[in-house]
Amino acid sequence: MPELPEVAGLTSFLGGRLRGAVLEKLQVLSVAVLKTADPPYTALVGRTVTGVQRFGKFISIDAEGLHLVFHLARAGWVRYTESPSAAPLRPGKGPIAARIGFAGPDGQHVGIDLTEAGTKKSLAVYVVRDPRDVPGIAGLGPDPLDPAFGPGQFAEILASHSQQIKGVLRSQGVMAGIGNAYSDEILHAAKISPFALASSLDQDSVRILYDAIHSVLGAAVQEAAGKAPGDLKDTKRGAMRVHGRTGLPCPVCGDTVREVSFADTALQYCPTCQTKGKILADRRTSRFLK
Ligand SMILES: [Zn+2]
């Protein structure tokens, strides 16, 4: 799933290419994708793109008072092309959820496809007058990279949450933009167990965690900046130290990266770096480790 750094990369990439272009056509291939009915999505046609913004993991293409907002969910992505096909799309089982065509200031045509792999479809598109009309955006917590988000505010947030820190970090209502991958990476960088309770972290740990959020996300945002959508996934994968690396050596200490799996997700961590060597309970026996 694209998280804050990849969504930031996509946002700046799209902003650089679409600002000043006129939205020519918008095809939504499945009714389930479009979450709003008023204003109608056809109202976007003929409007000029004035900017592209990020809200947590949402992207908003702003077009003269209307906003085309989308959330890529778990398996969604953006495909950008400078030679869009003129043929209309047929609804079917393909990965394309929506196709948007633009005409640039010099008359050249560009297009983006919102795609979603897999059978579970949760990519969402909204057409709104204000991005905050999207419930998922209205409910977002502060953006961790917002300069106004200071260590004091972070400490207050943690003090008021008694849940495990892993879940708190990735809760969009607590902080916007961090998901499963970067929460694993942030906790590894901070040497904190994913099962530690947020409200019980001491002052030093809270400060270390605050700094880790900034170093991990900051580095990833920098890596993602200027990259084409097609390169962002590999960039992300290549930067991971524990996430998605079950059974491989921790690049910091050499211990084996372990996994805790849940019904539909899994987390990874390094016992030596994060849990004083303790193996966290997993509800199923790991296939990877003896
Ligand atoms: Zn380690």
Side-chain angles (χ1 to χ4, degrees), residues 1-6 8-9 57 74 144-145 149 151 154-155 157-159 161-171 174-175 177-224 227 232-290:
M1 169 193 277
E3 299 179 32
L4 189 155
E6 296 77 44
K57 301 182 207 166
R74 187 176 272 201
L145 295 188
F149 182 68
F154 182 61
I157 287 174
L158 294 196
H161 288 84
S162 55
Q163 301 91 330
Q164 292 172 344
I165 187 65
K166 165 79 182 176
V168 172
L169 285 179
R170 56 181 296 201
S171 161
V174 174
M175 258 174 299
I178 301 172
N180 195 30
Y182 286 100
S183 55
D184 278 351
E185 293 300 305
I186 287 164
L187 289 168
H188 178 254
K191 299 192 184 313
I192 293 173
S193 165
F195 285 1
L197 301 180
S199 55
S200 63
L201 291 175
D202 62 29
Q203 246 181 346
D204 287 349
S205 301
V206 170
R207 183 63 208 214
I208 289 167
L209 187 55
Y210 177 84
D211 291 341
I213 288 172
H214 285 81
S215 60
V216 169
L217 293 182
V221 165
Q222 235 168 13
E223 268 311 304
K227 292 229 161 65
L232 283 171
K233 283 186 201 175
D234 285 341
T235 302
K236 177 184 180 184
R237 208 171 291 127
M240 294 290 139
R241 293 180 164 191
V242 287
H243 182 75
R245 300 188 72 248
T246 307
L248 295 171
C250 166
V252 172
C253 72
D255 192 3
T256 302
V257 172
R258 303 260 173 174
E259 171 173 296
V260 180
S261 52
F262 306 94
D264 60 349
T265 181
L267 67 80
Q268 283 90 32
Y269 69 102
C270 167
T272 296
C273 289
Q274 296 175 255
T275 59
K276 300 189 174 84
K278 185 176 174 247
I279 306 300
L280 299 174
D282 187 353
R283 69 176 186 91
R284 69 172 190 202
T285 311
S286 174
R287 292 171 281 138
F288 303 99
L289 303 161
K290 297 247 158 63

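For the numbers below, each heavy atom of this structure counts, side chains included, while hydrogens, waters and symmetry mates do not. All residue numbers in this chain count up from 1 along the given sequence. Whatever order the structure lists ligands and atoms in, that order sets their numbers, starting from 1. Being a predicted model, the structure only gives us computed values, none of them experimental.
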K.L.:
Protein N/O/S atoms under 2.8 Å from the Zn ion (ligand 1): how many?
P.N.:
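Every protein N, O or S atom under 2.8 Å from the Zn ion (ligand 1) counted, the figure is 4.
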K.L.:
Using the rule given for side-chain contact (heavy atoms from CB on, under 4.5 Å), can you reason through Leu158 versus Tyr210, listing the C-alpha separation, both sets of side-chain angles and the distance that settles it, and then say yes or no?
P.N.:
CA-CA 11 Å; Leu158 294 196; Tyr210 177 84; over 6 Å; no
K.L.:
Can you tell me which residue among Leu169, Asp184, Val260, Leu280 is in a side-chain contact (heavy atoms from CB on, under 4.5 Å) with Pro194?
P.N.:
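Only one option passes, and that is Leu280.
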K.L.:
Grab the two heavy atoms, one from Ala181 and one from Lys236, that are nearest each other, plus how far apart they are.
P.N.:
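Looking at all heavy atoms of both residues, the shortest contact is CB-CE, 3.8 Å.
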K.L.:
If you measure from NE2 on His161 to CG on Leu201, what distance do you get to the nearest 0.5 Å?
P.N.:
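It is 13.0 Å, given to the nearest 0.5 Å.
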K.L.:
Could you walk me through whether His243 and Tyr269 satisfy the side-chain contact (heavy atoms from CB on, under 4.5 Å) test, starting with their C-alpha distance in whole Å, then the side-chain angles of each, then the deciding distance to 0.1 Å, before giving a yes or no?
P.N.:
CA-CA 7 Å; His243 182 75; Tyr269 69 102; over 6 Å; no
K.L.:
Would you find more than 12 non-hydrogen atoms of other residues, nucleotides or ligands less than 6.0 Å from Glu223 atom CD?
P.N.:
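No, CD of Glu223 has 12 or fewer neighbouring heavy atoms, counting only those of other groups under 6.0 Å.
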